[in-house]
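See structure below.
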Amino acid sequence: MHPNIQDTFPTFKGVRLDELMNSRSLYLHAKRVMAAVENAISALDDMEVLVESLTRLGQRHRLWFVREEHFTVVGEALLWTLQDMLASACTSQVIEAWKELFNFISKTMLRGIGDAVVK
């Protein structure tokens with residue numbers, strides 16, 4: 001786990017990497033991240049619902065002082081995972097589509113974080 005990301009989460013802060021990699025908390029967080037990505041994909045045909053959902057998710061992430069660089073690291077990890085899992089099926093078009101989706105997710109959540117600051 002990227003050290004700057006690790007310290008963002010109180011549950012993970014100060015935990016040794018070998019402990020963290022076998023942590024139930026990390027596993028559950030990864031499942032929540034992938035569920036959010038799955039929800040975004042499922043809502044692609046209803047932009048109003050998608051934007052509202054991602055904005056609320058961003059507002060909830062304000063508690064952890066999430067910043068753009070955190071999304072960058074998570075996006076890189078997602079792309080690496082896709083390349084690893086899909087192997088030769090992971091074409092440049094597939095990578096670009098995932099980059100575009102994750103960029104949209106990130107920007108929308110960041111707007112939600114900003115909205116939470118203003119409120």
Side-chain angles (χ1 to χ4, degrees):
M1 176 177 269
H2 194 282
N4 292 337
I5 298 292
Q6 181 177 347
D7 288 345
T8 299
F9 297 93
T11 306
F12 307 143
K13 192 171 187 167
V15 177
R16 288 191 343 252
L17 185 58
D18 61 328
E19 290 177 33
L20 189 59
M21 296 314 292
N22 294 310
S23 162
R24 179 155 174 77
S25 294
L26 180 61
Y27 169 77
L28 293 173
H29 183 263
K31 282 187 70 157
R32 289 190 300 271
V33 168
M34 292 314 298
V37 171
E38 182 179 1
N39 290 340
I41 292 168
S42 296
L44 282 174
D45 60 344
D46 190 340
M47 288 304 287
E48 187 176 323
V49 168
L50 178 58
V51 169
E52 183 179 322
S53 172
L54 292 172
T55 300
R56 281 195 319 267
L57 186 58
Q59 290 167 344
R60 291 194 306 271
H61 276 72
R62 182 175 181 267
L63 297 171
W64 296 287
F65 305 100
V66 173
R67 297 181 310 275
E68 188 168 359
E69 54 265 26
H70 296 125
F71 285 100
T72 300
V73 172
V74 172
E76 289 169 0
L78 175 63
L79 292 176
W80 180 88
T81 301
L82 287 169
Q83 290 170 332
D84 185 55
M85 298 299 292
L86 296 176
S88 63
C90 193
T91 65
S92 59
Q93 291 94 347
V94 169
I95 289 293
E96 286 307 310
W98 276 100
K99 281 182 182 178
E100 188 174 331
L101 175 63
F102 195 77
N103 185 53
F104 179 80
I105 291 170
S106 301
K107 298 299 182 196
T108 307
M109 286 183 65
L110 284 164
R111 277 195 302 277
I113 290 169
D115 288 350
V117 171
V118 172
K119 290 183 180 178

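In this text the structure is predicted, and so the values were computed from the model without any measurement.
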Verify same cluster id: W80, L26 (apolar side-chain graph, 4.5 Å): no
W98 and N103, any side-chain heavy atoms less than 4.5 Å apart: no
Residues that Q83 engages under side chain to side chain donor-acceptor pair (under 3.5 Å), provided they are two or more places apart: none
List the atom pairs, with distances to 0.1 Å, where a side-chain N or O of residues 49-56 and a protein N or O form a donor-acceptor pair under 3.5 Å, not counting sequence neighbours.
from, atom 1, to, atom 2, distance (Å)
E52, OE2, R56, NH1, 2.8
T55, OG1, V51, O, 2.7

Contacts of K107 that satisfy side chain to side chain donor-acceptor pair (under 3.5 Å) - sequence neighbours left out: E68
For F104 against M47, the heavy-atom pair lying closest together: CZ-CE, 3.3 Å
Residue pairs involving residues 38-63 (criterion ring-ring contact (aromatic ring centres under 6.0 Å, His included); sequence neighbours excluded): H61-W64
Under 4.5 Å side-chain linkage, directly or through intermediates, the cluster mates of M85: none
Inter-residue atom distance T108.OG1 - R111.CZ, 0.5 Å rounding: 4.5 Å
CG-CG distance between L101 and L44, expressed to the nearest 0.5 angstrom: 6.0 Å
Single-linkage hydrophobic cluster I95~L86, side-chain heavy atoms < 4.5 angstrom: yes
Linked, directly or transitively: F12 and F65 (ILVMFWY side chains, under 4.5 Å): no
Nearest-0.5 Å distance, CE of residue M34 to CG of residue N39: 11.0 Å
Any residue meeting salt bridge (charged side-chain N to carboxylate O under 4.0 Å, His left out) with E48, in chain and number order, not counting sequence neighbours: none
Residues that D45 engages under side chain to side chain donor-acceptor pair (under 3.5 Å), provided they are two or more places apart: none
Geometric class of the F102/F71 ring pair [parallel <30°, tilted 30-60°, perpendicular >60°]: tilted
Side chain to side chain donor-acceptor pair (under 3.5 Å) partners for Q93, two or more places apart: T91
Listed partners of V15 passing side chain to side chain contact (heavy atoms under 4.5 Å, CB included), at least two apart: Q6, E19, L20
Salt bridge (charged side-chain N to carboxylate O under 4.0 Å, His left out) pairs, two or more places apart, involving residues 87-104: E96-K99
Residues L82, V94; criterion side-chain contact (heavy atoms from CB on, under 4.5 Å); working and verdict: CA-CA 9 Å; L82 287 169; V94 169; 5.7 Å; no
Qualifying residues under salt bridge (charged side-chain N to carboxylate O under 4.0 Å, His left out), relative to E76, sequence neighbours excluded: none
Hydrophobic cluster membership, I41 vs I105, 4.5 Å side-chain cutoff: yes
